[in-house]
**Student:** 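Could you have a look at this structure, given as structure tokens, before my questions?
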Amino acid sequence: MTRKKTRFQWMSVLALSSALAMALTGCGSSTDNASDPGSSASPSGSAAPSASTGMKKLDPVELTWYYPQNKANPDLQLVNDAVNKITQEKINATIKLMPIDFGTYEQKMNTIVASNEVTDIIWTSNWLFKFDLNQKKGVFQPLDDLLKNQGQKLYQTMEEKFWNDAKMDGKIYAVPNYQISATRVGLVIQKRFADKYKLDTSSIKKIEDIEPFLKQIKDNEPGIVPFGTTRGFYTGYLYNIDPKGPVYKNDPTFKVLPDVTNEMRDNFKLVHSWYTKGYINQDAATLKNAADAYNKGTTAVWFDFTGKPGSEVEFKAADGGNDVVLVPLAKAVFSGAASTMNAISRTSKNPERAMMFLELVNTDKELYNTLVYGIEGKHYTKTTGNFIKINQDAGYFTNTDWIFGSIINEYLPEGSPADKLEQTAKVNAEGEVSPLTGFVFNTDPVKTETANVKAVNDEYFAALGTGTLDPEKYLPVYEEKLKKAGADVIVAERQKQLDAWLKANGKK
């Protein structure tokens, strides 16, 4: 590690530690960066009201907020009322919470957007209701002016690299939810089985190393699925591939890889062998929600694409209350903030107030924790320090702190590491940063091919990725259909755009 990189990482940790301190004490933010949208004027001198400054008289408005959740909560309205008590006092707005099940979120949001329904805030990401595709359709409003006037404090809570992931064509179109933004792919293992079979987790360096343990579970634990999955565990992070290309990390020529690599072929063969041995859940290819693969407590191992600090508590809650251990399989890579963001809809009639609300939910500890955990004394109780005890059966349980806003503001559920927030800041700072950060592939020249390839992937990828289909028979069919759909045309266009970007940025 170079001295320059080390200095940058620790500066990042110190900056985020300061943000943590401000979130806990309610202090204001500095305005050092005069070139940033949030620093064109100090909060006290801004022309327009901000959620972080004293409110002048504002007309009452109602805002709608669409976001995904694991299940419906019977106490949603009760929590919604508690949220509105806070927002009415601070920005004279009420919020209509509109959670949608993860499995149908994409479909329902597409319908809402297509009908031009008036909405205010929409959750978006790079994996569900995709940010870039919807921004190109004009679904979201640009936020730069709103951040200058109503969201100065919000803008200052995150480094520029987080905001860069919310940009398209040089403009900001969404507010990242500050959380783990570095990927540490790995395994999640139920602790009771790891202890019972004396599994040495330190010996697991690659995915194949877990197979003897899976055999033990299969042979000795009736009713337990050795490995639970929905779409398999193929990811470039396991194979020294930078998915931003995708290119091999050690390739100085930055040659864009095809859809099917040798690593993918090997991965599909491995997972098929596990499937035929009975290690993988038989319904893996048809499950829509990843949590459905392990949420009954009857799965011994599953793959985790994130590896965020403190996720043991979330997995325990989703896994029938069973303790788990995390086993990383690759070093942390800064994957950006696009995995969870909130945007303001182009149909919003109150974008200024929507920005005030987004600032509030990202900086107000009471509001954020009400959204995440519900009402104190009913849905959770405070214990010691920043820790709380959650009552999962009390009528409101989300297990999705990363949906709502910045986790800097959150209480820690019992079982979380006391330094979870500091760990998150450290991992974000130390995560390997891709040299291709900032490159965004424009799919407009290959719209038809992109749609055709998606159709092929929808038909084959989950079945191959989970081992349900025999790759000896179906992988050639998959590759041939990708070729006919125009996969090679997309790779050529991506290479063309990447070469131009590398040249423009002095990297090639």
**Student:** Just by distance, no angles: are the side chains of E493 and Q497 close enough, under 3.5 Å, to form a donor-acceptor pair?
**Tutor:** yes
**Student:** Is it the case that the side chain of Y380 and the backbone of Q392 share a donor-acceptor pair, with hydrogens and angles ignored and the cut-off at 3.5 Å?
**Tutor:** no
**Student:** When you measure from the side chain of D364 to the backbone of L360, do you find a donor-acceptor pair of N or O atoms at a distance under 3.5 Å?
**Tutor:** no
**Student:** Does this structure show an ion pair linking K389 with E414, if we count only N-O contacts that are shorter than 4.0 Å?
**Tutor:** yes
**Student:** Give a yes-or-no answer on whether the side chains of N281 and D283 include a donor-acceptor pair shorter than 3.5 Å.
**Tutor:** yes
**Student:** Distance alone, cut at 3.5 Å: any donor-acceptor contact between the side chains of Q88 and N92?
**Tutor:** no
**Student:** Can you check whether I112 reaches T119 side chain to side chain, under 4.5 Å on heavy atoms?
**Tutor:** yes
**Student:** Which of parallel (below 30°), tilted (30 to 60°) and perpendicular (above 60°) describes Y411 and Y373?
**Tutor:** parallel
**Student:** Report yes or no: do Y178 and N428 form a side-chain donor-acceptor pair below 3.5 Å?
**Tutor:** yes
**Student:** Without hydrogens or angle criteria, can the side chains of Q141 and S345 be said to hold a donor-acceptor pair below 3.5 Å?
**Tutor:** no
**Student:** Classify the ring geometry between Y294 and W302 as parallel (under 30°), tilted (30 to 60°) or perpendicular (over 60°).
**Tutor:** parallel
**Student:** Can you establish whether the number of heavy atoms outside K507 located under 6.0 Å from its atom NZ is more than 12?
**Tutor:** yes
**Student:** Within the 3.5 Å criterion, strictly below it, is a donor on W127 or S339 matched to an acceptor on the partner's side chain?
**Tutor:** no
**Student:** Do D144 and K171 meet the salt-bridge criterion of a basic N to acidic O distance under 4.0 Å?
**Tutor:** no
**Student:** Under a 3.5 Å cutoff, is there a donor and acceptor pairing between the side chains of D120 and S348?
**Tutor:** yes
**Student:** Hey, are D401 and K420 close enough for a salt bridge, meaning a charged N less than 4.0 Å from a carboxylate O?
**Tutor:** yes
**Student:** Under the criterion salt bridge (Lys or Arg N to Asp or Glu O under 4.0 Å), I'd like the reasoning laid out for E410 against K365: C-alpha separation, chi angles, the key distance, then a yes or no.
**Tutor:** CA-CA 7 Å; E410 77 175 0; K365 193 176 182 74; over 6 Å; no
**Student:** Taking atom types as modelled, find out whether N342 and N177 have a side-chain donor-acceptor pair closer than 3.5 angstrom.
**Tutor:** yes
**Student:** Starting at CG of L326, measure out to CZ of R184 and round the result to the nearest 0.5 Å.
**Tutor:** 8.0 Å
**Student:** Hey, are D458 and K454 close enough for a salt bridge, meaning a charged N less than 4.0 Å from a carboxylate O?
**Tutor:** yes
**Student:** Distance alone, cut at 3.5 Å: any donor-acceptor contact between the side chains of N116 and R346?
**Tutor:** yes
**Student:** Do K161 and F334 meet the cation-pi criteria used here (NZ or CZ under 6.0 Å from the six-membered ring centre, within 45° of the axis)?
**Tutor:** yes
**Student:** Show your reasoning for whether ring pair (Phe, Tyr, Trp, His ring centres under 6.0 Å) applies to Y155 and W163.
**Tutor:** CA-CA 8 Å; Y155 186 85; W163 289 107; 4.9 Å; yes
